[in-house]
Number of protein chains: 4
Amino acid sequence: MKTRVDLNSDMGEGFGPWRIGDGVDEQIMPLISSANIATGFHAGDPNIMQRMVSLAVQHGVGIGAHPGFRDLVGFGRRHMNATKDELVNEFIYQTGALREFCRLHGATLQHVKPHGALYMHAARDEALAHALVTTLQRLQPDVLLYCMGQSTLYKVATAQGLPTVREFFADRDYDLTGSIVFTRSVSALEPAAVAAKVLQACQEGVVQTVEGELLPIEFESVCIHSDTPGALTLLQVTRDALLSNGIVVGPASRS
Amino acid sequence: MKTRVDLNSDMGEGFGPWRIGDGVDEQIMPLISSANIATGFHAGDPNIMQRMVSLAVQHGVGIGAHPGFRDLVGFGRRHMNATKDELVNEFIYQTGALREFCRLHGATLQHVKPHGALYMHAARDEALAHALVTTLQRLQPDVLLYCMGQSTLYKVATAQGLPTVREFFADRDYDLTGSIVFTRSVSALEPAAVAAKVLQACQEGVVQTVEGELLPIEFESVCIHSDTPGALTLLQVTRDALLSNGIVVGPASRS
Amino acid sequence: MKTRVDLNSDMGEGFGPWRIGDGVDEQIMPLISSANIATGFHAGDPNIMQRMVSLAVQHGVGIGAHPGFRDLVGFGRRHMNATKDELVNEFIYQTGALREFCRLHGATLQHVKPHGALYMHAARDEALAHALVTTLQRLQPDVLLYCMGQSTLYKVATAQGLPTVREFFADRDYDLTGSIVFTRSVSALEPAAVAAKVLQACQEGVVQTVEGELLPIEFESVCIHSDTPGALTLLQVTRDALLSNGIVVGPASRS
Amino acid sequence: MKTRVDLNSDMGEGFGPWRIGDGVDEQIMPLISSANIATGFHAGDPNIMQRMVSLAVQHGVGIGAHPGFRDLVGFGRRHMNATKDELVNEFIYQTGALREFCRLHGATLQHVKPHGALYMHAARDEALAHALVTTLQRLQPDVLLYCMGQSTLYKVATAQGLPTVREFFADRDYDLTGSIVFTRSVSALEPAAVAAKVLQACQEGVVQTVEGELLPIEFESVCIHSDTPGALTLLQVTRDALLSNGIVVGPASRS
């Protein structure tokens, strides 16, 4: 039974003239408590990052770096057979780029969250997980690492003492193993259903799987992707449901 | 009459499998006191940046960010008609990326030096110069800005109180106006002549122009480009000449 | 008094996951007679090009290459100080990439139209205009070159005997010099007004300038940009107005 | 017992200011009979492609497109989890870009050869092999496909009737399975040993494996990579050995 939960979303995932999803980052920002800001390799560019960090500061939203594979045309969704060291160096590069905008605005980097195929790769690959966690501890020992509770990355971070925030994906389906049912294109979701799902997860600590069973789930943050069709409405309705049930939406705290 | 001077060179200007010039950054690093490390837009990638920062730390070399126009194929040598805000945001992005590698290694960013066409643009464009200086003061008020003593950028930085380091280009020709004679491809230079030129500049404060006159020149740092053919030898001979004439080669101090 | 006119629009100006404007290329394609398909440097990627060429073939739309400056983040709208030879080589590269998709589909490349800042540069720079025209004549002497009637490019192409198609920009304002009034962001236009403007241009050969005067205008093709807000409606209403006034919308013929 | 063999090498694998290996493409070109010219995704740019095609035409060298994964920083050596359709579209794009330079010079595209990780992927993945072969047959039914004799790609092309050229890698080791022993960095090779190995392969149809056995090998072309250290000497010595043993070095003919 939670009385407080973090609400996170991917922000700034445009590039140059292009915007992702409905292009409503400006409207989404006030509704969330943590923003995962794209750092230029899968999406995002310096102008967008400047706007997003400025907007996050203005609304008191926790700022996170959202680095991905260096695959702009593939939006970081395709695994690349890069070495652990290459991925760590690209992670440092991207995180630093975003941190500099925080520095400009007098803000502190709250968290990091790998994107797309890199998120999945770090979730499974123990060597990469170790390298990322060790690197983050050298860079900023109190930075929050967003991850899945079932992932190798979570286990490694916990074992090494790096603070983590586990996510609940409001706009994805779960199966009995606790894994997300992968889909490349997400169809429009019913806002009330999403809100109810989040509420149940927060209040009862369970999620209904695609098989119809109730699965226990632990998390500190609810993720709603900004490129899910109708994301703005999903976020508004979910946030309202949380607030009207006495659950505070606020910056992440470690697991 | 100097008893001490900084020796700077551009480092890490490869990309992926490619190296610039003679590919001898590892041998050059111990000879210089300040390294301008490419930050990925005109050259440089996260793996190279990691190696260069590590190498600089190992040799006690001052670390500088060397951001350029977003023009990899053109090596940042072609002016792009970008807005001041676009350029400032790209500057922040690149500087932050490099700073993060410093952070990893417990080092402090010593300086920034724009690259190529951006160096020339910032030297001339007052609005950009103001924006860059103001941004740097917000990011790190004690960072050293490398620039030409005759530039608008130098005037603006000095007026606003940002510390600067003026450069003397050992491998370029000067004309009577104090400007560098522009050339895209630099032919091999005579090491002894370069060393003598630097020594004269340090000891007498003058440089001989292409017109044959002696021009007074003020500077705190000598630049020898790593992509000048024979750069390693130029640096060795120049450094030896300085040392054997009692001039210490050491980290930059502000003008 | 025209009885036939070409209607052209920029197609495929997305990149990876991103779409431009309202993302309605599929609906626009059946309404136009010539498609300027982005070729990857300012926008467009191989997947999008495949779809666009396939769609153009399906609807009998004339296929044109729409090459731009190598500036993805700037959408090819920023002038780059590249040499004539660099620009010609990039033009060849991009044109060939698109031509190969035509080849796959058994189609012939109808035209070429430079994009954005390259369009403006080629319109003004005589050396580049000569080089482009000469190159196109070596590549495909009967390819149509889309350009402005007032441009240097038009004069050079005409003098050298390369067929041209002059454009009338339905969604841009003209001034008394016959130049387009430049604007980075185009606000929503009134469809009926745009249609009336096109009709007047076709029937009377004049356009009303921002100063209020009627300016004679010669053209063979009407351009409506697909990233103009409401482009689909503009195209539908304009096309309907042309058809109901007895003006056939059909593939370009040379000036 | 061959009396004629093709000698191929990768050409134009620089990018912007950078050159690969010893940067001696100009000297290598007259020694080979087929050039695999990089097409911009893993290496190569329009200026380099222009120079390489011009040089190949001048020396009567067969021109091939050498497309790779879209991974410039990784030089196309890292597998990317792209779909078959994405890879085919990128293949078309790159091949067309090179073909346009051939068109400019009045030359015909002789062959295609995927690069690096794409070469290995197409060698193993039957669905991709089918898609590539079918696409090539639509584009140019007589284009030669360079591949390994043991690969799925060879089997598929042969079955579908696309002409192939099988390669013998003079600068790589073979094992008993007929596979190349993979290595990221190739150490300097003894030119006389390489020449002897090629001569034996041409005259006796065998290669000595790393296990010491003689393995039968079938091929129509000998590949020496231009980024192998000392490539120029390897090519000269090998070519001389072939010629002085009465084996003509000439353009590829199909297997």
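Both backbone and side-chain heavy atoms feed into the values below; hydrogens, waters and symmetry mates do not. Proteins get letters first, then strands, A, B, ... in listed order; numbering begins at 1 in each.
Heavy atoms of other residues, nucleotides or ligands lying less than 6.0 angstrom from CD of C:Q160 number more than 12.
Using a 4.5 Å heavy-atom cutoff, the side chains of C:E86 and B:R78 are in contact. C:D71 is listed as a side-chain neighbour of B:M80, based on a closest heavy-atom distance under 4.5 Å.
In plain terms, the two heavy atoms of B:V73 and C:R70 that are nearest each other are CG1-CD, 3.9 Å.
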